[in-house]
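One structure is given below, encoded as structure tokens.
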Amino acid sequence: MLRLERVSKFYSGNGLVSTGFSKVDLEFDTGEFVAITGESGSGKSTLLNVISGLDSYEEGEMYIMDQPTSGFSREDLEEYRKKYIGSIFQTFNLINSYTVYQNVELVLLMSGYDKREIPDRVREIIDKVGLSEYEKTKASKLSGGQKQRVAIARALAKETPIIVADEPTGNLDSKSAAEIISLLHQLSQDKLIIIVTHNYDQVEPYVTRKITMHDGRVVEDKRIAVRAAQAAEEKAVKTAKADGLTFGSMARLGVRNTFNIPAKFLLLLTVFVFLCFAVMAQYASFMNMGEMNTGGYNNYFSDTSKNRILITKDDRSEFTDEDYARIESMSNVDRIVKNDLMLDLVANVTDDPENGDFYIVSKIEELEDFEGKLVKGRMPENDREAVLFFPEGGYAENVIDMAYGKEAMLTDQNTGSDLMKDKVKIVGYGLLDDRQTEAMEEGGYYLEAYLCINEEGMSDVRMAALERYCTQEIHFAGHILDGNSASGMMPIRASENVPEGEIYVSEDIAALAQGSAAGSELSIVNKSLYFEDRFTFEVGAVYNKDNLKQYLNLDDFEAVSGTLFISPKDYSRMFEKGNFQSSVIVSDDKITAQTAESIAEAGYETFVVNDGVVSYAEGFDVILNTFRTIMLAAVLIVLFFITYFITKLILKSRNVYFSTIRMLGATKENCSGLLKTELFTVFNIAFFICLGFFLLVKSGNINSEYLTQLASFLGAGDFVLLYIVLCLMSILLAARYARQLFKKTAMNAYKEEV
Ligand code: ADP
Ligand code: MG
């Protein structure tokens with residue numbers, strides 16, 4: 001059945017070539033019980049390993065069933081081992097963390113036996129080696145003799161025609177040794193048994209042939225007896241099943257391996273939790289970085305917060321309380337700012353814009369929010385009075401002595417134009433509490449105080465704010481002129497001296513009509529983002545330096561030249577639109593767009609202010625994003641290698657396992673598959689631990705400002721993406737590790753580990 005013709009095995013290493021054995025000619029048949037003996041180093045083990053297909057040979061030819069084996073590929077050798085060879089080792093080579101049952105089951109799984117036929121087969125063989133009561137005992141808990149019985153059961157389970165045993169009794173006491181030899185003899189009547197031993201006496205009663213080796217050569221080959229079976233059954237050599245590990249079995253084994261050494265499992269889990277957490281946190285903070293990069297400006301709004309949605313009604317009419325109640329009840333709506341034009345106004349409070357004693361950068365707030373918070377003075381009683389509220393220790397507190405009791409002007413910080421017709425007197429001030437101070441700092445621009453005026457004063461400011469939004473087209477005598485009150489181009493002003501329906505223009509504008517200005521028609525188209533109205537006037541008077549006093553009761557012609565004067569009633573019609581526009585402030589700015597959509601569905605026009613922001617970075621956005629992505633990839637690669645090296649250390653204990661199952665016939669793909677299953681299982685547990693953790697943070701069950709902020713960048717889509725990335729990472733990790741493992745032959749890998 002098995003024939004060796006002048007087979008030699010050389011070892012080369014460190015530039016030296018040594019001989020394992022040389023020019024061995026041997027022929028073995030079914031039914032033989034062969035003992036190979038000889039002193040230590042004579043080449044017995046080497047010969048046996050070549051016969052087992054665990055080691056290659058360099059010279060000669062080995063035939064199995066008359067088929068040459070020297071050209072066998074790795075796969076051919078794996079199949080050869082599965083079909084023909086059952087191995088028993090001096091060191092038992094059991095999987096210590098497996099039970100007796102699982103150890104025997106393993107070889108059957110690996111040879112692709114059907115799941116249903118395995119249990120009976122395993123129990124039968126365990127019974128034969130006398131270990132029935134230890135079926136569920138872990139291999140590590142057995143005595144040496146019992147371990148070797150498991151090894152015999154394992155070698156016999158798949159019914160190979162050849163059993164090889166290298167010093168099977170070397171680690172046993174003489175009584176156990178005798179039992180083992182007898183058991184082997186008894187259970188393997190119709191097989192070829194090759195036992196390597198340096199204790200020939202032990203096997204003498206059973207052997208049919210004795211081969212003695214010396215210095216790598218066969219020096220004696222003596223046939224002693226012929227077993228009964230040998231004579232009878234010469235012809236039919238039955239080979240063992242040699243299918244591969246099925247996918248189901250691989251998955252089951254992989255999962256078993258994940259949990260069977262708890263300490264290793266926990267260590268791996270810790271590493272993977274670390275990996276998942278680090279990847280998630282990195283990902284979130286890179287998203288966060290992206291948010292911070294996209295600063296920008298908008299020509300109309302200075303408050304471009306992401307949580308601000310501008311709303312108007314379809315017909316541009318004023319909002320009613322019902323409108324507000326309806327919008328306020330929608331989800332994600334935090335509050336509504338009714339006087340929302342104030343959000344975009346930053347007012348300078350100063351005694352003199354040219355060279356004043358104080359310039360306090362302020363925002364105008366509702367009075368009632370600060371009721372009862374005064375430190376000094378009193379609340380405003382008319383539209384000529386104002387109060388200031390500021391944080392302790394800031395600029396405003398330093399200059400308040402100069403401002404208190406004084407008259408101050410309110411000017412728009414953007415345009416420098418007046419926000420109120422008249423000066424206001426600072427009649428009181430107060431200090432902000434910590435929460436208010438924080439809110440002020442978070443506002444996004446540099447503020448020193450809040451200014452409060454009464455409702456009447458507020459409507460002046462609102463009008464001034466609205467003017468800022470508007471541009472005008474003046475149609476006069478066939479010309480179209482552009483104007484904008486806020487920028488000082490042809491401003492429109494109200495004057496008690498102008499009758500309703502009339503307009504007073506200065507002489508330079510009147511000149512366009514070439515003398516026939518008075519009595520002619522002038523129309524103004526007043527436009528904003530939200531409305532466009534046309535007003536038609538009759539030119540009532542043309543004013544100049546000399547008649548200014550007479551028509552308008554004003555003195556300084558230089559200061560007003562170019563201004564168009566209309567009646568206060570017409571002025572209000574043009575600019576006082578009431579609360580036609582408000583802002584909704586949402587609680588979660590990640591879903592501002594969705595909230596805007598639902599408000600729009602409820603019948604309002606919406607505009608997410610931040611969408612209109614022109615990024616400061618402009619074209620650089622693309623570069624910045626690419627850079628961020630590269631950074632993220634780099635971090636992921638670093639994390640991958642950190643995890644790889646830690647995993648490698650932890651899995652070192654797995655090396656014995658893998659080299660053992662390779663000797664039992666596992667292929668490279670099997671080992672790699674098992675490893676992938678194992679890491680994939682641990683990874684999934686780790687991922688869902690981290691996912692659960694972030695969900696707890698999101699739902700507010702875990703309180704940490706930092707974590708909550710990170711978690712807010714992780715939505716369902718991000719978790720899916722991260723899951724895929726991490727899955728790939730864990731499979732890559734396993735593949736890389738498996739490749740390392742297979743750089744060595746099964747035998748060498750095993751020798752290194754034991
Ligand atoms: P035995 O089992 O009879 O004690 P071995 O078969 O283990 O002897 O060894 C035979 C010869 O091969 C010895 O000289 C030994 O040093 C050499 N040898 C065995 N394994 C290796 C190896 N992996 N590398 C180099 N030399 C080896
Ligand atoms: Mg040996």
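Ligands are counted one by one from 1 in listed order, and the atoms in each one are counted from 1 as well. All values below were derived from every heavy atom in this structure, side-chain atoms included, with hydrogens, water molecules and symmetry-related copies excluded.
At least one cation-pi condition fails for Arg628 and Phe286: the charged atom is not both under 6.0 angstrom from the six-membered ring centre and inside a 45 degree cone around its axis. For the pair Lys9 and Tyr11, the distance from NZ or CZ to the six-membered ring centre is under 6.0 Å and the angle to the ring normal is within 45 degrees. Figure legend: Arg154 and Phe92 shown without cation-pi pairing, the cationic atom not lying both under 6.0 angstrom from the six-membered ring centre and within 45 degrees of its axis.
The Mg ion (ligand 2) lies under 2.8 Å from an N, O or S atom belonging to Ser45.
Checked against a 6.0 Å centroid threshold, the rings of Phe277 and Phe694 count as neighbours.
More than 12 heavy-atom neighbours from other residues, nucleotides or ligands sit within 6.0 angstrom of NZ on Lys241.
One option in Tyr11, Phe21, Phe10 has a heavy atom closer to atom 24 (N) of ligand 1 than any other, and that option is Tyr11.
Listed by atom number, the atoms of ligand 1 under 4.0 Å from Ser40 heavy atoms are 4 (O). Remark: ligand 1 atoms within the under-4.0 Å shell around heavy atoms of Thr46 are 5 (P), 6 (O), 9 (O), 10 (C).
Relative orientation of the Phe688 and Tyr723 rings is tilted, given thresholds of 30° and 60° on the angle between their planes.
Residue contacts with ligand 1, taken as heavy atom pairs separated by less than 4.0 Å, involve Thr19 solely via the backbone atoms N, CA, C and O. Of the heavy atoms in Ser18, only side-chain atoms (C-beta onward) come closer than 4.0 Å to ligand 1.
Residue-to-ligand polar distances place Gly41 within reach of ligand 1: an N/O pair is separated by less than 3.5 Å.
For the ligand labelled ligand 1, residue Gly43 lies inside the 4.0 Å heavy-atom shell.
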